[in-house]
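Down below is the structure, laid out as structure tokens.
Heads up: numbering here begins at 1 and tracks the sequence.
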Amino acid sequence: MTPLEFDARHLWHPYTNVLEPGPMHLITGADGVWLTAEDGTQMIDAMSSWWCAVHGHRHPAIIAAMQSQLDQMPHVMFGGLTHEPAIELGRKMIGLLPDGLDRIFYSDSGSVAIEVALKMAVQYQMAQGRKGRTQFATIRGGYHGDTWKAMSVCDPVNGMHGLFAGALSVQHFLPRPQIAFGQDWSEDGDLNGLNALEQLLEAKADQIAGLILEPVVQGAGGMYFYHPTWLQRAHEMCKAHDVLVIFDEIATGFGRTGELFALHHADIAPDILCVGKALTGGHITLAATVTTETVARRIGESEAGVMMHGPTYMANPLACAAAVASLEQLSVRDWRSEVAGIAAQMTQELALARDLPGVADVRVLGAIGVIEMEGWVDPSVAHGLALETGVWLRPFARNIYCMPPYIISSDELSRVTSAMVSLVRGMS
């Protein structure tokens with residue numbers, strides 16, 4: 001049995017039907033923006049391996065940091081013990097985050113970081129004597145992960161988890177903000193969608209622990225970019241009712257939108273922030289939930305007294321060392337110029353798709369390029385063409401998109417945009 005035959009017979013890939021798994025490629029190497037298949041064929045990782053590898057694969061500084069940490073201590077529990085990589089990473093993160101976000105809870109994946117954030121919000125409300133505040137508000141079109149509570153705040157129809165609707169906690173879903181990023185803002189509450197939030201808070205704030213959303217960019221829920229002013233107004237409304245604001249920046253953090261964090265587009269800080277993916281430059285899994293001293297102290301003063309969570313691999317030293325090295329790269333490289341250059345080139349080259357049949361929209365923000373189709377896109381088509389085009393794309397729903405590493409060259413990026421436009425033409 002060949003490796004690919006064993007894979008098809010025994011391994012279960014994400015969002016895959018084992019009866020019809022579709023094309024599969026055996027990858028034997030990754031370096032920079034390139035993936036190498038078993039036959040030596042190379043293709044550009046236009047996905048940054050699910051949005052993580054912002055510095056490219058096998059970045060020498062990150063690899064060196066991990067190798068050094070391997071020789072010293074790959075792992076030690078974080079309960080009752082600590083270590084320098086976790087402390088140094090904490091220092092660097094606090095130095096990058098808005099003032100006030102200064103209490104860090106490490107975890108091992110983005111979904112878990114969301115679970116921690118939701119627990120924090122409920123424990124905070126309970127510490128205030130508000131034991132009825134156990135539900136959450138969010139906006140339609142969002143995606144926050146695949147674990148149980150995280151699924152409950154994903155879009156109930158298009159958030160990939162509609163199948164579980166009867167088993168999940170019932171949450172409060174607001175209309176997706178209708179004013180797109182870059183459009184003129186309107187203070188009309190019906191037009192901007194904020195009247196719905198105001199009405200919800202007036203009627204049910206006593207049931208709601210927090211408002212959770214992806215700031216500015218809704219990722220796996222549809223790659224929709226909305227107006228930052230919506231966040232500012234929503235933040236003000238939630239503050240008036242002591243409903244905590246939770247930002248999920250697992251996909252957008254560390255430069256992807258052109259700002260270090262998407263929250264900077266709105267110039268506000270949430271009560272709780274979740275980060276992951278690019279935190280380690282895509283070299284190993286790590287995530288974090290960051291909150292304020294106020295929230296942390298309230299939980300400390302509560303009946304439980306402790307944060308009721310503790311992942312086995314929390315603050316894994318190897319992952320923390322990789323994250324320290326990744327954040328150092330953001331400080332020594334001009335990532336802003338890299339991302340701005342990617343945005344300008346994608347804006348120009350993806351514009352070719354605007355007038356093609358079946359295209360609903362083309363949009364770019366930072367190092368995110370999206371061609372939205374009018375109908376569903378079969379990802380297996382892109383997978384099957386990957387070796388031929390030399391570009392790895394993974395469309396979802398109605399979106400053909402890319403989120404390439406920031407180090408991608410102009411010629412390499414042109415190959416990516418050309419592959420995206422060719423895929424659109426092939427669907428016509």
Side-chain angles (χ1 to χ4, degrees), residues 45 47-59 61-66 69 74-75 78 83-98 101-117 144-145 147 150 214-215 217 219-220 246-264 270 272-291 309 311 313-333 335 338-339 366-368 403-407:
D45 185 359
M47 300 289 96
S48 294
S49 281
W50 262 336
W51 324 341
C52 299
V54 294
H55 310 300
H57 294 280
R58 293 182 63 245
H59 190 282
I62 301 176
I63 293 296
M66 294 178 71
Q69 188 60 43
H75 181 63
F78 209 55
H83 49 80
E84 281 294 335
I87 294 167
E88 180 60 21
L89 177 57
R91 286 196 178 107
K92 286 188 175 296
M93 288 181 62
I94 289 172
L96 295 174
L97 293 169
L101 286 170
D102 52 14
R103 184 65 69 163
I104 301 168
F105 191 100
Y106 294 118
S107 58
D108 44 9
S109 74
S111 292
V112 176
I114 295 295
E115 298 285 341
V116 171
H144 299 284
T147 52
E214 301 154 284
V217 175
I246 305 168
F247 282 178
D248 174 355
E249 292 236 27
I250 293 163
T252 55
F254 308 107
R256 179 58 68 178
T257 68
E259 294 285 351
L260 188 59
F261 296 98
L263 60 84
H264 290 304
I272 304 174
L273 174 70
C274 298
V275 295
K277 289 191 181 291
L279 178 57
T280 66
H283 288 65
I284 188 171
T285 184
L286 182 68
T289 306
V290 190
T291 191
H309 206 90
Y313 285 94
M314 178 179 182
N316 170 256
L318 185 61
C320 288
V324 169
S326 178
L327 296 188
E328 285 176 349
Q329 284 303 302
L330 292 177
S331 68
V332 299
R333 278 211 337 270
W335 63 267
E338 292 172 348
V339 172
I368 309 171
M403 294 175 74
Y406 304 162
I407 63 167

Side chains of [X] and [Y] in contact at under 4.5 Å (non-hydrogen atoms):
X: Asp102; Y: Leu97; result: no
X: Pro270; Y: Ile246; result: no
X: Met403; Y: Trp50; result: no

Who pairs with Ser48 by side-chain hydrogen bond (donor to acceptor under 3.5 Å, both in side chains), at least two apart in sequence or on another chain? Arg256
Would you say [X]'s side chain and [Y]'s backbone share a donor-acceptor pair under 3.5 angstrom?
X: Thr291; Y: Ile272; value: no
X: His59; Y: His283; value: no
X: Ser326; Y: Ala323; value: no

Begin with the C-alpha distance, continue with both residues' side-chain angles, and end with the deciding distance and a verdict on side-chain contact (heavy atoms from CB on, under 4.5 Å) for Leu260 and Leu330. CA-CA 9 Å; Leu260 188 59; Leu330 292 177; 4.2 Å; yes
For [X] versus [Y], what's the shortest heavy-atom pair and its separation?
X: Ala319; Y: Thr285; value: CB-O, 3.6 Å
X: Pro85; Y: Val324; value: O-CG2, 3.9 Å
X: Leu327; Y: Lys92; value: CD1-CB, 4.0 Å

We want to know whether Glu249 and Thr252 form a side-chain donor-acceptor pair, criterion being a heavy-atom distance below 3.5 angstrom. yes
Phe261 and His264 aromatic ring geometry - parallel, tilted or perpendicular at 30°/60° bounds: tilted
Can I get a per-line list of side-chain donor-acceptor pairs under 3.5 Å for residues 105-112, giving both atom names and the distance, sequence neighbours left out?
from: Tyr106; atom 1: OH; to: Ala86; atom 2: O; distance (Å): 2.8
from: Tyr106; atom 1: OH; to: Gly90; atom 2: N; distance (Å): 3.1
from: Ser109; atom 1: OG; to: Val112; atom 2: N; distance (Å): 3.3
from: Ser111; atom 1: OG; to: Asp146; atom 2: N; distance (Å): 3.2

